[in-house]
Amino acid sequence: MKWFPTVASEWALQWEYHNLYLHFWIAFFTVVIFLGVFWFAVKYRRRSEDEQPRPILGSNIAEIVWTLVPLLIAMSMFAWGAALYFEYASPPENAIEVYITGKQWMWYAQHPEGQREINELHVPVGRPIKLTMTSEDVIHSFFVPVFRLKRDVIPGRYTTIWFTATKAGRYHLFCAEYCGAQHSRMGGWVYVMEPAAYEEWLSGGAAGSMAAQGEKLFAQFGCASCHLSGQQGRCPNLTNVFGNRVELSGGATVVADATYIRESILNPAAKVVAGFQNIMPSFQGQVSEQNLLQLIAFIRSLSSAGSLGVPAGEAGGIGQRPPATPARVDRRTQGRPRQP
Ligand code: CUA
C-alpha cells in the first residue's frame, strides 16, 4: 500500500511524518469530541418535565488536566515543527549551489560552473542542493511536490531553500504563486541524476563559470577600473570583501553577503563604506538579476572567506551563520578521491 504521494527527498519524508502527526491529533480530538457529545446527550437527556440536574461547581483537577494535556500536545507539534523549520532554513555548508531566477513566465537556473537552463534543473542524487532564488519581476513560488519543497521567489530579495534528492528521475516543477496570464504554464522538470551522469552533464559546454561571466560584466560596466585598480582612496578594493565584515560610514558594520553586494550595485548610496564618498552611479534597471548573480559570483571569487553566499531563509533572516568556513572548497572533489 502506498502511504504518500511520491517522495524523492529526505526532507519530504520528515514533512510527511510531521503532517501525519498533526492529522493524528486532529482525528483523535474529532472522534473524542463527537463521541463525547453523543454520549452526554444520551446519558444526561431529560427524562421527565420537572427533572432538574444537580449543579456542578467545578473541579481543579479537571481544569489542570484539560489545560496541561492540550498544552503539551500543542507544544510537541510546535517543537517538532520548529526543529524541521530550522533545518529547512539552514543549508549545509557543503551544499551544491544553483541560482534560480523567476521571470514571467519562466524559470532560469544557472550553476556556478556556468551551465544555464530554462524550465529545467539538473541535480545529482544524494547531495544537498542549495537554491538561491530571486525574481526579475513579480512574486513567483518555486514548488517541487515530490521534494515537498516550496518557497516564494521575491523581486529585490534572495531567498534560499535546500534539499537532498533521494531518487533519480524526472519530476514536475511548478510556479505556485499566481503571477499573471501564463502562470499555469510556468513550470518544467527537475532531473535528478546519478552522480556520474550529473558530472558529465555539468561538463558539457558552458560559456565559462558564473564568476568568469561576472568578471566580464565587471569590466563591461566599468567597475574594474575603480574597484580593482588598487588605488584605494576613490573606491573600496573588492579583494577579500565578500563574506567579511565591512565598516560603514556612520559606524555600523555589515557582513558583505550577496544581499549587501546586490544592494551596493543597485543603490550605492544605501550603505557607504567608512572612509569613502559615494561617487558610484546606480545600476538600477541596467543589470538583470541573472547578471547580478554573476557579478556577485565574481566578487565572491575574489575573497577567501566567501563560502557563504546568502544567509539561509530570507536574506539576513533566520538561519544566518557567520562566514566561518575558510576558502572555497572544490565541491566537485569534496569527500571523494581526486581524479588523477
Ligand atoms: Cu510564476 Cu506563477
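For clarity, every value in this text was computed on a predicted model and none was experimentally measured.
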Sub-3.5 Å donor-acceptor pair from the side chain of His23 to the main-chain atoms of Asn19, do we have one?
yes
Is it the case that the side chain of Ser282 and the backbone of Leu266 share a donor-acceptor pair, with hydrogens and angles ignored and the cut-off at 3.5 Å?
yes
Got a donor-acceptor contact below 3.5 angstrom from the Thr159 side chain to the Asp152 backbone?
yes
Partners of Asn60 by side-chain hydrogen bond (donor to acceptor under 3.5 Å, both in side chains), sequence neighbours excluded?
none
Among Tyr191, Trp189, Phe142, which residue meets the side chain to side chain contact (heavy atoms under 4.5 Å, CB included) test with Leu121?
Phe142
Answer yes or no: is there a donor N or O on one side and an acceptor on the other, between the side chain of Asn119 and the main chain of Trp107, under 3.5 Å?
yes
Give the table of side-chain donor-acceptor pairs shorter than 3.5 Å for residues 164-174, with sequence neighbours excluded, one pair per line with atom names and distance.
| residue | atom | partner | partner atom | Å |
| --- | --- | --- | --- | --- |
| Thr166 | OG1 | Ala8 | O | 3.2 |
| Thr166 | OG1 | Ser9 | N | 3.4 |
| Lys167 | NZ | Val7 | O | 3.4 |
| Tyr171 | OH | Lys167 | O | 2.8 |
| Tyr171 | OH | Ala168 | O | 3.3 |

Does any N or O in the side chain of Ser90 come within less than 3.5 Å of the main-chain N or O of Glu87, such that one atom is a donor and the other an acceptor?
no
All heavy atoms of Gly102 vs all of Val153, minimum pair found to be N-CG1, 4.3 Å
Among side-chain atoms of Thr253 and Arg245, is any donor-acceptor pair under 3.5 angstrom?
yes
Apply side-chain contact (heavy atoms from CB on, under 4.5 Å) to Leu248 and Val254, showing your working.
CA-CA 7 Å; Leu248 303 177; Val254 64; 3.9 Å; yes
Electrostatic pair Glu97:Arg300 at N-O distance under 4.0 angstrom
yes
Taking only residues at least two apart or on different chains, which pairs with a member in residues 44-73 satisfy ring pair (Phe, Tyr, Trp, His ring centres under 6.0 Å)?
Phe40-Tyr44
In short, Cys179 meets His140 closest at the heavy-atom pair SG-ND1, 3.3 Å
Validation row: Asp257, Tyr158 side chains within 4.5 angstrom (heavy atoms):
no
I would like to know whether His122 and Glu117 meet side-chain contact (heavy atoms from CB on, under 4.5 Å); could you show each step before the answer?
CA-CA 8 Å; His122 287 74; Glu117 317 185 55; 2.6 Å; yes
List the atom pairs, with distances to 0.1 Å, where a side-chain N or O of residues 76-83 and a protein N or O form a donor-acceptor pair under 3.5 Å, not counting sequence neighbours.
| residue | atom | partner | partner atom | Å |
| --- | --- | --- | --- | --- |
| Ser76 | OG | Tyr21 | OH | 2.5 |
| Ser76 | OG | Ile73 | O | 2.6 |

Across all chains, not counting sequence neighbours, the side-chain hydrogen bond (donor to acceptor under 3.5 Å, both in side chains) partners of Glu16 are Arg148
Look up atom OG1 in Thr101 and atom CD1 in Ile118, then write down how far apart they are to the nearest 0.5 Å.
11.0 Å
As a quick check of understanding, evaluate side-chain contact (heavy atoms from CB on, under 4.5 Å) for Ile154 and Thr134, giving each step before the final call.
CA-CA 5 Å; Ile154 300 166; Thr134 189; over 6 Å; no
Under 6.0 Å between ring centres, would you say that holds for Tyr88 and Trp11?
yes
Check for a donor-acceptor pair, side chain of Glu136 on one end and backbone N or O of Glu289 on the other, with a separation under 3.5 Å.
yes
Answer with yes or no whether the side chains of Gln213 and Gln110 bring together a donor and an acceptor at under 3.5 Å.
yes
Sidechain-backbone polar pair: Asp137 side chain, Lys103 backbone, donor-acceptor under 3.5 Å
no
Any side-chain to backbone donor/acceptor pair from Arg45 onto Val42? Under 3.5 Å, distance only.
yes
Pair listing, salt bridge (charged side-chain N to carboxylate O under 4.0 Å, His left out) test, anchored in residues 60-77, at least two apart
none
